[in-house]
Amino acid sequence: MGYGKTTAVSWYLAERAKTEALHIIRISVYSDNLAILWKSVQDAFARAGFDFLRDYTCPTDAAGGGLLVDDLCHELAGKKSCYIFVDDFHLLTDRRVYTFLCMLANRLPANVHLI
């Protein structure tokens, strides 16, 4: 904490946005509470113009996570670059979140980047 990671990523994304049209989905992690994280995820996607997560409940098992990954990949695929920035990731302690993010990272379309 306090080394400027958020500032550096925010600067990088702002510079990218100057040269190309892109989507930036910034997910703020406030604690290790899964319900609060899910609300932050839904809000972040909605602010970026992707409101489809409002109808989802937070996935709690591998099958639900897999379904969400499929839908995320489908919704985000395209020509426009998309950056998903999970800020303060170190606050997450639930192993299911790590498992989900690894599954997502392995299946994202080429235009989507996970930071």
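The chain is numbered in sequence order, starting from 1.
When Ile25, Ile27, Val9 are each tested for a side-chain contact (heavy atoms from CB on, under 4.5 Å) with Ile115, only one passes: Val9.
Taking each heavy atom of Phe50 and Glu75 in turn, the nearest pair found is CE2-O, 3.8 Å. Closest non-hydrogen pair, Arg47 versus Arg26, comes out as NH2-O, 3.8 Å. For the residue pair Leu68 and Pro59, the shortest heavy atom distance occurs at CD2-CG, 3.7 Å. Of all heavy-atom pairs between Glu20 and Ser81, the closest is OE1-OG, 3.0 Å. For the pair Gly65 and Met103, the tightest heavy-atom approach, listed with the atom from each and the gap, is C-CE, 4.2 Å. Asp32 and Leu91 make their closest contact through CB-O, 3.3 Å (heavy atoms, listed as atom of the first residue, atom of the second, distance).
To the nearest 0.5 Å, atom CG of residue Leu34 and atom OG1 of residue Thr93 are 9.5 Å apart. The distance from the CZ atom of Phe85 to the CD1 atom of Ile24 is 10.0 Å, given to the nearest 0.5 Å. Annotation: the span from Leu108 atom CG to Cys82 atom SG amounts to 8.5 Å, rounded to 0.5 Å.
Clustering ILVMFWY residues whenever any of their side-chain heavy atoms sit less than 4.5 angstrom apart, transitively, puts Ile36 in a cluster other than the one holding Leu101. When hydrophobic clusters are built by joining Ile, Leu, Val, Met, Phe, Trp and Tyr residues whose side-chain heavy atoms come closer than 4.5 Å, directly or via intermediates, Leu37 is not grouped with Tyr30. Note on Leu114 and Val29: same hydrophobic cluster, where clusters join Ile, Leu, Val, Met, Phe, Trp and Tyr whose side-chain heavy atoms are under 4.5 Å apart, directly or indirectly. Both Phe45 and Val86 are assigned to one and the same hydrophobic cluster, defined by single-linkage of ILVMFWY side chains at heavy-atom distances under 4.5 Å. Phe100 and Leu67 are members of different hydrophobic clusters when ILVMFWY side chains are connected at heavy-atom separations under 4.5 Å.
Atom CZ of Arg54 has more than 12 neighbouring heavy atoms from other residues, nucleotides or ligands inside a 6.0 Å radius.
Counting only heavy atoms from C-beta outward, the side chains of Leu53 and Trp38 approach each other to under 4.5 Å. You'll find the side chain of Leu76 reaches within 4.5 Å of the side chain of Ile84, heavy atoms only. Side chains of Lys39 and Val41 form no contact here, defined as non-hydrogen atoms less than 4.5 Å apart.
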Could you go step by step and tell me if Asp88 and His90 meet the side chain to side chain contact (heavy atoms under 4.5 Å, CB included) rule?
CA-CA 5 Å; Asp88 286 329; His90 66 279; 3.4 Å; yes
Passes side chain to side chain contact (heavy atoms under 4.5 Å, CB included), Thr60 versus Arg96? Steps please.
CA-CA 8 Å; Thr60 57; Arg96 293 173 295 179; 4.0 Å; yes
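Judged purely by atom type and a 3.5 angstrom limit, Ser40 uses its side chain to pair as donor or acceptor with the backbone of Ser28.
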